[in-house]
Amino acid sequence: MKYYLIAGEASGDLHGANLMRALAQQDERANFRYWGGDQMQGVGGTLVKHIRDLAFMGFVEVVANLRTILGNIRYCKEDIQTWSPDVLILIDYPGFNLRIVKWAKQRGLRNFYYISPQIWAWNTKRVHQIGQHVDRMFVILPFEREFYQRFHYEVDYVGHPLIEAIEQQTTAPLPAPILADPRPLIALLPGSRRQEVSRMLRTMASVVARFPDYQFVIAGAPALDTEFYQSLLRHSGLPPDQQPPLVFGQTYALLKRARAALVASGTATLETALFRVPQVVCYRGSAFNYWIFRSLIKVPYISLVNLIMGEKIVEELIQDRFNADELERELGRLLTEEKARELALQYEQLRQKLGDRGASERAAALMWGYLNA
């Protein structure tokens, strides 16, 4: 069969790649065409557009890049129509994918949605749009099935694909200078999108000099280049010899060694928890973006860790609280043995809530079954 997949962010690229592998096990003649990144490209098939050209964050950035976004949507529709797939598989990325799936449904194209948009956090009315246009939704968070049931919409809960991704992932060793440094490691995960990293990295780096007994290392996003990070660090106020080293494609290797982490809100907070690394969750948007965000948000937390647990187990520093003094205070708390032990127990409860490994295989088997019913 011909599968057309659309992922627009780094996490979608990772989960899309694992889904493609699982679909290929179900369908030996699977033919893939997709919007994604390096991970999906590594599986095979045809890459139409790379995620580095798709990631726009926040209301202001979306408006500023509206012409590009609308052009991408038009091109995507034309490409789908030309290729004529057997099924369209949307992976998260709601601002784009919900427009595509509406268009696809109107033209009778079969579609699946893998990884639900976080409509339970804001814009709940989108559930009706999903119910009308999505043929089948595959959710990955334990509370999402109950959420959709409240609106009389049946979905398939498959478990979280991060569990298998972490277990399967193999990474090259960290660079020798990092491994040779005897100091405990603190990972800086400032996000995956240019606008996000621009707002996060310099503040994260501002605490480096306050913890001289620790080495800090930055996890670089695959869609960004070294010069972009270096330009931010040059304006961070840190002298060159104190600027944290940067590694790409080795986030999991960093988390395996990290004593603690400063993490931009998003999927990375859950990845960090699954590696049992104490963390501070960080978020800063433009003043306008944040004003809109606060007026629309319907949940008490921004991190997936706290949302899944239903209580605050990791600290969230948002907007004005995301500053050097607050980071120093919270990071200092994380580095105590008492706090590390407390979080280890809570992280284990989180892992149990997420269910068993094999989410990609379960999703692929269900999709194959629906396609052949």
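Predicted model, so just to flag it, every value in this text is computed and none were measured. Heavy-atom basis, side chains included; hydrogens, waters and symmetry copies ignored.
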Examine distances only and state if a side-chain atom of Thr267 and a backbone atom of Ser11 form a donor-acceptor pair shorter than 3.5 Å. no

When you measure from the side chain of Tyr347 to the backbone of Leu274, do you find a donor-acceptor pair of N or O atoms at a distance under 3.5 Å? no

Decide yes or no on ring-ring contact (aromatic ring centres under 6.0 Å, His included) for Tyr252 and Phe275, but give the supporting numbers first. CA-CA 8 Å; Tyr252 288 178; Phe275 276 97; 5.2 Å; yes

With no hydrogens and no angle check, just 3.5 Å: does a side-chain donor-acceptor pair link Thr203 and Arg284? yes

Taking 4.0 angstrom as the limit, do Arg351 and Glu348 come out as a salt bridge? no

So Trp35 and Tyr75, would you call those rings parallel, tilted or perpendicular, with 30° and 60° as cut-offs? tilted

Any Lys/Arg nitrogen of Arg193 or Glu9 sitting under 4.0 Å from an Asp/Glu carboxylate oxygen of the other? yes

Neighbour count >12 (heavy atoms, 6.0 Å) for atom CG, Asn372: yes

I'd like to check Arg110 versus Tyr370 (side-chain heavy atoms, cut-off strictly below 4.5 Å). Are they in contact? yes

Could you tell me whether a side-chain N or O of Gln149 sits under 3.5 Å from a main-chain N or O of Glu154, the two making a donor and an acceptor? no

Please report the C-alpha distance between Asp92 and His15 in whole Å, then the side-chain angles of each, then the deciding distance to 0.1 Å, and finally whether the side-chain hydrogen bond (donor to acceptor under 3.5 Å, both in side chains) criterion is met. CA-CA 10 Å; Asp92 200 2; His15 302 321; over 6 Å; no

Within the side chain of Asn31, is there an N or O that forms a donor-acceptor pair under 3.5 Å with the backbone of Lys2? no

Charged tip of Arg33 within 45° of Tyr3 ring normal and under 6.0 Å: no

Please identify each residue that fulfils salt bridge (charged side-chain N to carboxylate O under 4.0 Å, His left out) with Asp325, with sequence neighbours left out. Arg210

Does this structure show an ion pair linking Arg362 with Glu164, if we count only N-O contacts that are shorter than 4.0 Å? no

Please examine the side chains of Ser236 and Leu201, heavy atoms only from C-beta on, and report whether any two atoms are closer than 4.5 Å. no

Strictly below 4.0 Å, N to O, side chains only: are Arg333 and Glu338 in salt-bridge contact? no

Should the pair Tyr153 and Tyr148 be assigned to parallel (<30°), tilted (30 to 60°) or perpendicular (>60°) ring geometry? perpendicular

For Ser84 and Gln81, indicate whether the former's side chain and the latter's backbone hold a donor-acceptor pair under 3.5 Å. no

Partner residues of Arg183 under the salt bridge (charged side-chain N to carboxylate O under 4.0 Å, His left out) criterion, sequence neighbours left out: Asp181

Between NE2 of His133 and CG of Asn111, what distance do you get to the nearest 0.5 Å? 9.5 Å

Residues two or more places apart in sequence or in another chain: which of them pass salt bridge (charged side-chain N to carboxylate O under 4.0 Å, His left out) with Lys77? none

How are the rings of Phe96 and Tyr93 set relative to one another: parallel (under 30°), tilted (30 to 60°) or perpendicular (over 60°)? parallel

Can you measure from CG (Leu317) to SG (Cys282) and round to the nearest 0.5 angstrom? 5.5 Å

How far does CE of Met367 sit from CG of Asp135, to the nearest 0.5 angstrom? 11.5 Å

Nearest heavy-atom pair of Leu350 and Ile308: which atoms, and what distance? CD1-CG2, 3.5 Å

Would Ile119 end up clustered with Phe138 when hydrophobic side chains under 4.5 Å apart are linked, directly or stepwise? yes

More than 12 heavy atoms of other residues, nucleotides or ligands under 6.0 Å from CG of Asp356: yes or no? no

Answer yes if the side chains of Glu311 and Asn306 hold a donor-acceptor pair under 3.5 Å, and no otherwise. no

Charged N to carboxylate O below 4.0 Å: is that the case for Arg259 and Glu337? yes

Mind listing the closest non-hydrogen atom pair of Leu233 and Gln243 along with its distance? O-NE2, 3.4 Å

Once rounded to the nearest 0.5 Å, what's the spacing between atom CZ of Arg321 and atom CD of Glu316? 9.5 Å

